[in-house]
Enquirer: 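Here it is, the structure, as C-alpha cells.
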Amino acid sequence: IKSSTMQTFSAFSALVWIFARFPAEAKPPGIVWYQKQQHLFAAKEIRRYVYHTTKQWLHLHNSNDSLSDLLKTQDKAIVLHEHDPALTDRLSLGFRIRQKMGEQSYLLKTTHLHESTQLFAIGADSTGVLYAAYAIAEKFGIRFRLYGDIIPETTSEFCLPDVDEFSEPTFEIRGLQPFHDFPEGPDWWGENEYKAVTTQIRQ
C-alpha cells in the first residue's frame, strides 16, 4: 500500500511540474463583441476581411464581463462595443474616452494589457461600431469601391495595427446621387443592381 501511495504521489508531482513548466498556450486571436446583436455582424465582417488578407481565422466571443480573464489567455483580440461610460469603467481599459461622441463616430485604440495586445473599436452607436469594423478592414489592406471590394493579391502575417484615432462624419446625411445621363445608368438597373449598390454603400 505504501509503495502504491508513493507511486501515485510521484505521478501527481510529475504532472504538477509539467503544468507549471509548460503553461497552457494562449488562445488564438479573436474578436470580442458586446451588448447588441448588431455588433455580431460587425465582428463577422472583420473576421471575413482579416481572413482574406492574412488567412487567420478569428474566433468570436460574446461577453459582458471584465476582459481580464479573457485577455490573460488571449494573445491578440479585437474588442467591439458601443460607448458606454459605465461599461468602459468596468472594462478597465487603461485609457480615457471622451464623455460624448457624436452619432456614427468611432474610436480605434491599440492597447497592451495583461501581456497581450488589444485593438478596441468603440462606436458612439451601432452604426459607429460598423464603421469602425470597416476602418479596421482598411488597416489590413482592404479598399472599398462602389463596384466591389479590393482585396490584396498577397496575404501577410496577422498582426494587430498600432492605432490611436477618432473619426466622425463630416456631414450628417451622406449618400450617392447616381447620374442618369449614360446608357448603363439607374434607369436600366434591375433588382440585382440596386441590391449591389445598397449593400456596398455602407462600406
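Computed from heavy atoms alone, side chains included, the values below leave out hydrogens, waters and symmetry copies. In this text, all values refer to a predicted model and were calculated from it rather than measured experimentally.
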Enquirer: Is there a path of hydrophobic side-chain contacts, each under 4.5 Å between heavy atoms, that joins L130 and V32?
Expert: no
Enquirer: Any donor and acceptor pair, going by atom type alone, linking the side chain of T110 with main-chain N or O of P161 inside 3.5 Å?
Expert: yes
Enquirer: Taking the side chain as everything from C-beta on, heavy atoms only, tell me whether Q203 gets closer than 4.5 Å to Y49.
Expert: yes
Enquirer: Ignoring hydrogens, what is the shortest heavy-atom contact between K76 and L160? Give both atom names and the distance.
Expert: CB-CD1, 3.8 Å
Enquirer: Could you tell me whether E103 atom CD has more than 12 heavy atoms of other residues or ligands within 6.0 Å of it?
Expert: no
Enquirer: For I31, is there any backbone N or O sitting under 3.5 Å from a side-chain donor or acceptor partner on R47?
Expert: no
Enquirer: Checking the side chain of T199 only, and the main-chain atoms of A196 only, is there a donor and an acceptor separated by less than 3.5 Å?
Expert: no
Enquirer: Answer whether the closest heavy-atom distance between the side chains of E45 and F41 falls below 4.5 Å.
Expert: yes
Enquirer: Salt bridge between E157 and K55, side-chain N to carboxylate O under 4.0 Å?
Expert: no
Enquirer: Are I46 and V163 joined in one hydrophobic group, where the rule is that I, L, V, M, F, W and Y side chains link up if heavy atoms are under 4.5 Å apart?
Expert: yes
Enquirer: So how far is it from H83 NE2 to L107 CG, rounded to the nearest 0.5 Å?
Expert: 9.5 Å
Enquirer: Evaluate the side-chain proximity of F120 to L80: yes if any heavy-atom separation is below 4.5 Å, no if none is.
Expert: no
Enquirer: So do the side chains of F166 and K109 get within less than 4.5 Å of each other, counting heavy atoms only?
Expert: no
Enquirer: Quick one: does K139's side chain get under 4.5 Å of E165's, heavy atoms only?
Expert: yes
Enquirer: Test of understanding: clusters of I, L, V, M, F, W, Y form through side-chain heavy atoms closer than 4.5 Å, transitively. Do L58 and I151 belong to the same one?
Expert: no
Enquirer: Hey, is OH on Y51 packed in by over 12 heavy atoms from elsewhere, all under 6.0 Å?
Expert: no
Enquirer: Provide the closest heavy-atom pair for F144 versus Q200 in the form atom of the first, atom of the second, distance.
Expert: CD2-NE2, 4.4 Å
